[in-house]
*Asks:* 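Below: one structure in structure tokens.
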Amino acid sequence: MYRINNFNPGPAALPLEVLNQAQDTFIAYRNGMSIMEMSHRSKDVEQLFVETQQILLELLGLNSKYQVLFMSGGASMQFAMVPMNLLSPKRNGSYILSGSFSEKAYKEAQTIGNATIAASSQSQNWSTLPAMRDLSVDPEAAYIHITTNNTIEGSQFRDFPSVNSVPLIGDMTSDLLSRQLEFNKFSMFYASAQKNLGPAGATVVVIHEDLLKACVNTIPTILNYKTYAQNNSLYNTPPVHSIYMMKLVLEWVNRQGGIAEIEKMNIQKANLLYDVIDRSGGYYKGIIEKPFRSMMNITWRMNDEKLEKLFVQESELHGFDGLAGHRSVGGLRASAYNAVPYQACKDLAEFMLDFQRRYG
Ligand SMILES: *Cc1c(COP(=O)(O)O)cnc(C)c1O
């Protein structure tokens, strides 16, 4: 069966093994029913949730002080839920601005309460990341919010703020499970599924019990984290199939050797492409300053836009998909998430060399 080299930024490539498994159980998961046809109140679904939560916490090396919540609405809904649950007239939310998604999170918080900027790299057009030592965070802030990987621009944090008294919250939508982090430094992090965790539909929130206690009670039930925590994410009908797919992806990550092995592979994959960029004599120009480059979203520009368009067109003829940069940035972007095979990156590196030979 033909499988394209899929470099889409999200929804993105899924492991072929997982797709095959899902196909095997598509019509009959158990008892002559598809999981999509089952009641979310059934034992099967309850067990699926508990197992998925356990596997995720084990992969992340977190203890039972953390809870895994499943919801819908994507990371964008978290942009609203975080401030709704945690801001109060006396406590602001502190935001590190490092790219367009972090800016969206900040703007959403402003519609709900007081949000301030702890640091920003906007004046450098997001081509760098704010230095963590220059943060200005109110020690009384309700939280500090960081986007660990900037999907659109192609940058990724390696240092994280340590403001002892202030809970750290991470939008990890585009790099959760792609690398090892000190996850226990975070009071909460979230990710919508469609980059590294599965198909679109489900969003994962991992939250520490202390932060859960700090959530307000004055907001609608369906938007309160406590509702999800108290009902094992079964207060209303959750996206069951999407969560089932996530479980298959988590098991696949385990079979690869866990996050440590996945990370090694991701570094090799990204470096195949960065090496071509850096050795191209300026033909391909990385958009992000080297120390801040993302291992997930590799972005670059070429000398003129016509050539960039031609690159995208030709790449499609050669069996690649998803390489056009985000409309707000332009240029090219290869999203090499966990499920993108090493061979796909190798093929792309060779295509880039060949393209330069032909048009350079
Ligand atoms: C994709 C993405 C989002 C938006 O996710 P939705 O599920 O579409 O709401 C937010 N933040 C980051 C870092 C992303 O990569």
Side-chain angles (χ1 to χ4, degrees), residues 6-14 69-84 93 95-109 111-112 115 120-122 126 129-130 143-158 160 168-179 181 183 186 188-206 222-223 228 233 238-239 241-243 245-246 249 266 270 287-288 292-299 322 324-329 333-340:
N6 185 352
F7 286 96
N8 273 295
L14 289 164
L69 316 178
F70 300 123
M71 16 196 123
S72 334
S76 302
M77 194 163 91
Q78 297 310 311
F79 294 170
M81 278 181 74
V82 167
M84 283 180 107
Y95 283 77
I96 297 172
L97 302 193
S98 54
S100 11
F101 280 123
S102 63
E103 203 176 29
K104 269 187 149 173
Y106 166 66
K107 290 201 170 134
E108 195 75 324
T111 69
I112 289 153
S120 173
S121 56
Q122 187 181 32
W126 311 126
L129 291 176
Y143 58 83
I144 176 160
H145 182 279
I146 188 168
T147 308
T148 53
N149 182 73
N150 299 284
T151 323
I152 290 176
E153 295 77 11
S155 62
Q156 191 169 34
F157 279 99
R158 297 197 170 76
F160 295 93
L168 180 61
I169 296 182
D171 175 359
M172 301 196 183
T173 295
S174 51
D175 70 349
L176 186 59
L177 294 184
S178 74
R179 59 171 173 162
L181 285 182
F183 293 102
F186 290 81
M188 174 184 150
F189 47 91
Y190 59 88
S192 44
Q194 69 273 17
K195 276 106 190 208
N196 266 321
L197 304 178
T203 302
V204 139
V205 172
V206 181
I222 190 66
L223 296 171
Y228 293 82
S233 301
H241 187 255
S242 195
I243 293 160
M245 294 290 290
M246 189 187 298
V249 170
N266 284 336
I287 291 175
I288 301 298
F292 308 120
R293 283 172 164 177
S294 169
M295 295 294 122
M296 293 281 96
N297 310 97
I298 295 99
T299 54
H326 189 269
R327 59 193 182 280
S328 65
V329 178
R333 169 176 56 173
S335 298
Y337 298 122
N338 291 350
V340 174

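Values reported hereafter were calculated over all heavy atoms of this structure, with side chains retained and with hydrogens, waters and symmetry mates removed. We count ligands from 1, going down the list as the structure has it; atoms in each ligand are counted the same way.
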*Asks:* Does ligand 1 have a heavy atom under 4.0 Å from the side chain of A75, from its backbone, from both, or from neither?
*Replies:*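 Under 4.0 Å from ligand 1, A75 contributes backbone and side-chain atoms.
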
*Asks:* Looking only at distances, can you tell me whether any N or O atom of T147, backbone or side chain, sits closer than 3.5 Å to an N or O atom of ligand 1?
*Replies:*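 N/O-N/O distance under 3.5 Å: no.
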
*Asks:* Could you list which atoms of ligand 1 come closer than 4.0 Å to a heavy atom of T151?
*Replies:* 12 (C), 13 (C), 14 (C), 15 (O)

*Asks:* Please confirm whether K104 approaches ligand 1 to less than 4.0 Å, judged on its heavy atoms.
*Replies:* no

*Asks:* What distance do S72 atom OG and M77 atom CE have between them, rounded to the nearest 0.5 Å?
*Replies:* 6.5 Å

*Asks:* Counting only heavy atoms, which portion of T203 has something under 4.0 Å from ligand 1: side chain, backbone, both, or neither?
*Replies:*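 No part of T203 comes within reach of ligand 1.
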
*Asks:* Looking at Q194, is its backbone amide N or carbonyl O close enough to the side chain of S192 to form a donor-acceptor pair, meaning the two atoms are under 3.5 Å apart?
*Replies:* no

*Asks:* Quick one: CG on N196 to OG on S335, what's the gap to the nearest 0.5 Å?
*Replies:* 10.0 Å

*Asks:* Going by distance alone, is a donor N or O of one side chain under 3.5 Å from an acceptor N or O of the other, for E153 and S100?
*Replies:*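 Looking only at side-chain atoms, S100 and E153 do form a donor-acceptor pair, the distance falling under 3.5 Å.
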
*Asks:* Determine, step by step, whether Y106 and F101 satisfy the ring-ring contact (aromatic ring centres under 6.0 Å, His included) criterion, reporting the C-alpha distance in whole Å, the side-chain angles of both residues, the deciding distance to 0.1 Å, and the verdict.
*Replies:* CA-CA 9 Å; Y106 166 66; F101 280 123; over 10 Å; no

*Asks:* Any idea which part of Y190 is under 4.0 Å from ligand 1, heavy-atom wise: side chain, backbone, both or neither?
*Replies:* neither

*Asks:* Run the numbers for me: atoms of ligand 1, each under 4.0 Å from some heavy atom of S192, listed by number.
*Replies:*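 Under 4.0 Å from S192, ligand 1 has these atoms: 5 (O), 6 (P), 7 (O).
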
*Asks:* Contact between N149 and ligand 1, counting heavy atoms under 4.0 Å?
*Replies:* yes

*Asks:* Backbone, side chain, both or neither: what part of M77 comes under 4.0 angstrom of ligand 1, heavy atoms only?
*Replies:*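 It is neither; nothing of M77 touches ligand 1.
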
*Asks:* Between K195 and ligand 1, is there a nitrogen or oxygen pair with a distance under 3.5 Å?
*Replies:*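 Right, the criterion is met.
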
*Asks:* Is any N or O atom of G73, backbone or side chain, closer than 3.5 Å to an N or O atom of ligand 1?
*Replies:*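 N/O-N/O distance below 3.5 Å does not exist for this pair.
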
